[in-house]
Protein chains: 4
Amino acid sequence: DQPLLWIAGPCVLESRDSALEIAEELQRVARLLSVQLIFKASFDKANRTSSSSYRGPGLDDGLKILHDIGQTTGLAITTDVHESQQASAAGEVCDLLQIPAFLARQTDLLVAAAHTGKAVNVKKGQFMSPGDMQFVIAKLADAGCENILLCERGTFFGYGRLVNDMRAIPQMQSFGVPVVFDATHSVQEPGGLGGATGGNRAMVEPLARAAMAVGAEGLFTETHPDPDKSPSDGANMIPLCQIESVMRRLVAIRQATAQIE
Amino acid sequence: DQPLLWIAGPCVLESRDSALEIAEELQRVARLLSVQLIFKASFDKANRTSSSSYRGPGLDDGLKILHDIGQTTGLAITTDVHESQQASAAGEVCDLLQIPAFLARQTDLLVAAAHTGKAVNVKKGQFMSPGDMQFVIAKLADAGCENILLCERGTFFGYGRLVNDMRAIPQMQSFGVPVVFDATHSVQEPGGLGGATGGNRAMVEPLARAAMAVGAEGLFTETHPDPDKSPSDGANMIPLCQIESVMRRLVAIRQATAQIE
Amino acid sequence: DQPLLWIAGPCVLESRDSALEIAEELQRVARLLSVQLIFKASFDKANRTSSSSYRGPGLDDGLKILHDIGQTTGLAITTDVHESQQASAAGEVCDLLQIPAFLARQTDLLVAAAHTGKAVNVKKGQFMSPGDMQFVIAKLADAGCENILLCERGTFFGYGRLVNDMRAIPQMQSFGVPVVFDATHSVQEPGGLGGATGGNRAMVEPLARAAMAVGAEGLFTETHPDPDKSPSDGANMIPLCQIESVMRRLVAIRQATAQIE
Amino acid sequence: DQPLLWIAGPCVLESRDSALEIAEELQRVARLLSVQLIFKASFDKANRTSSSSYRGPGLDDGLKILHDIGQTTGLAITTDVHESQQASAAGEVCDLLQIPAFLARQTDLLVAAAHTGKAVNVKKGQFMSPGDMQFVIAKLADAGCENILLCERGTFFGYGRLVNDMRAIPQMQSFGVPVVFDATHSVQEPGGLGGATGGNRAMVEPLARAAMAVGAEGLFTETHPDPDKSPSDGANMIPLCQIESVMRRLVAIRQATAQIE
């Protein structure tokens, strides 16, 4: 009867104040629904489609904001790292380090993340099978990581589109790790907006419901008070004002699923 | 609060007695769980990988068995038709005609099925998007069909493998028709057994749970008292002795889903 | 040093006169370039996206036109059949029967085509691997067909798009049959035009060049004096006035390829 | 009438002597066939499936060997970089920097490569469409890179398999850059050997022929005196003793293609 692990936040950091506003609303919802929240925001979007897109405050300023939010709210914190030399600093602020899907096979990055001693959540590459992720687990374990999570976030399905193979959840669980379902990035449409990634927000909840029924231990959702103004991934985000009702429905399906096991 | 539509049976007809045994057990489970059962069996497997594989009793003998089962049990009956000249005879015995996925775009077959006046359930082609199915609906409606169902049964995902895009369920529902999830054929591995289609029975329930959480109106499962002896699709089937427990769990997820709408 | 087998024509029959105009121009080019032409046109487009699209003159009138063109020009003739009861009549007029890709696994249709005693050209299903086609060959051979060809015409690659895996050519040749490359239908974009199939004519020649270099024995191209007015597949067709120059380039690559073997 | 650009070498560096042996044989063949050779070897395999696999001599020792080979043979040199801090050192030794496919969207790495002033060859991500590569070009150009190449090396096509969409060659050429075809990595079967990547060497030449006929400006092939003993990608490599005959055939197709333009 573990509570749902809920990784949530605004995609990229914009300001301390906007991040804190989101964190506090998420915390309110998490308490209401008895889920275990980890606040997530990126200090750098390191693989934007276009180089003219907003990338974030950068490592130093970003980690300062994240630390501040953790201190202010008491929430656990996570962020994503992109090159091995970022892991150590991020590990001092975060409880969980996230490895981006494109980088799921970069050995140096995985090893550096493991060496922080923190938990590591690796997104399955869009170009990988669920079974391939056992080798990622082995790389982390060989480097001393004791708390590994895997994350399903969609698999390449023809140009400009991802698909979630829901079988990935039990397949990756069979390696002995909890599996998080990333409902936000699964609905991306890479290149769908010309020089930017599109998406389909309406499909976030149906896919998240499916993942809950299949038994995912965690859920990753990005949110924003005004998604269409978010500098990144707005097309895929649940508006902050809808988070409580969406999460209430997802938790209900999770509870029904837990009862039948 | 519609009850779940449950299409179930033994894939291909072997004998009247074996079909009746299965039908009666399914009927018992359906009553217990308050789901609406339609008994399904094929008179002919018209697209076996190899021509040496068992095809079934054929149109005339097969329809006689189906008619007998309908009369004996009172169950509604469905079967699949493969060429337009089969539709009329099948329509006299069945309450619902099923169009195979490979044939989802064959206009003459769709029109012939529509002309029977019976309900028609079209499986989405493995080579079609959910959106493409709106034109299938239009072909049926143009030919006078008033009761159309669509069925998600997996989409081509690289050689020898299918994937279920769970977004297909709300997308096809948006065309105003109920959607059935075919949990058995979705786990096929075409060509996976050399001259026969393989599969992975263990993934039937996870995928069916997902479909229930997403809101599918119907579920299609094939079963057999001894799946490994089934002449077709045994690798994908739920053993008959497990049907009750599997369906109990699926109905529980469906009920939780219905309550949150 | 076999000459290239060239299957070409206008997709669907519109009238005897338009078909004859195209046949005569193709015949002129075939003589000039020493390729072996088989004239192809469909009497019925049996799986149009929409039921309101033009389907052709039908079996009886269509076969009359094809017979007339064969008699007038001396060309070999091919057409596609969609249900088993069409094969016998088509076999009396045609030298080669074509099985559509969606129907590549329909056993009755394959057997009926084999029973005509004519050569049979089966398009690889968009949902099949090259290796799966060995079972199609076996079905035909078991039914007495002595002259089997396979055709690569694209494989499902995400919604609305096909891809040609050029490895399919040597893989299918390894089963002991000649392989035709269908350059026209390979560039289809199913559903790309709303209620019709789109395509990208500019990619016909690059893909056909590749197939020639890989060693395909045959080439299938559709053409029209005014492709944008063609009732079917116009988006994928080479304009008739460009056929000579395109074929000249393709034959040059084929000759270079033949010389290095 | 540009000569073919040929990027070739042994995948990963093993020793100075073995690399030099390969370089000299490739140089002999390149002179014989009048192609422009760039010697390629990796100092580090940064994304091996398993962490126990051989990675190479590392940055410092690897670049020393590459420098030595360039000085000894007079050949142009290329290698791949994986994190931004490697670019500067690699740029001092190499004429061309290669960006791995998994990293094709990592902005910092692209910018660092551009800042070396050297030519940059970016492999299309297995998870990207050809059209998406225009944004990669823009990132490099914005950072001052004046000599950009793109490389087709296969696209994700279901778990454990890649496919080459040959349309990618003209599509990426339409952005104004030369396109290299990587025949070695295109035949990878990721995860196909359990904890290692498999492949199918027999398909290297058919695919390379196709790419030559489509008009690729460059070709990338890996080779080894004894591929089955290569520490990486041996399953995909052309044995060194066959390189001359394979290249002779590919150059013949390229010449035939050039003559028809």
Practice problem: Dump the intermediate steps for side-chain contact (heavy atoms from CB on, under 4.5 Å) on Leu103(B) and Leu103(C), then the final yes or no. | Solution: CA-CA 7 Å; Leu103(B) 305 178; Leu103(C) 305 179; 3.3 Å; yes
Just verifying a value: how many Å separate [X] [atom1] and [Y] [atom2], rounded to the nearest 0.5 Å?
X	Y	atom1	atom2	answer
Glu83(B)	Gln106(C)	CD	CD	7.5 Å
Arg161(C)	Ser129(B)	CZ	OG	13.0 Å
Phe157(C)	Phe157(B)	CZ	CZ	11.0 Å

Quiz prompt | Geometric class of the Phe102(C)/Phe127(B) ring pair [parallel <30°, tilted 30-60°, perpendicular >60°] | solution =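 Parallel, since the angle between the ring planes stays under 30°.
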Quiz prompt | Residue, of Ser50(B), Pro190(B), Gly160(B), Ser84(B), that accumulates the most heavy atom pairs under 4.5 Å with chain C | solution =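 Option with the greatest count: Ser84(B).
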Quiz prompt | Any side-chain heavy-atom pair of Arg55(B) and Asp108(C) under 4.5 Å | solution = yes
Quiz item: Between Phe135(C) and Thr49(B), which heavy-atom pair has the shortest distance, and what is it?
Solution: CB-O, 3.1 Å
Quiz prompt | Residue pair Ser51(C) / Ala138(B): nearest heavy atoms and the distance that separates them | solution = OG-O, 4.5 Å
Quiz item: What part of Leu110(B) lies closer than 4.5 angstrom to a heavy atom of chain C: side chain, backbone, both or neither?
Solution: neither
Quiz prompt | Best-contacting candidate, Thr107(C), Asp44(C), Thr155(C), against chain B by heavy atom pairs under 4.5 angstrom | solution = Thr107(C)
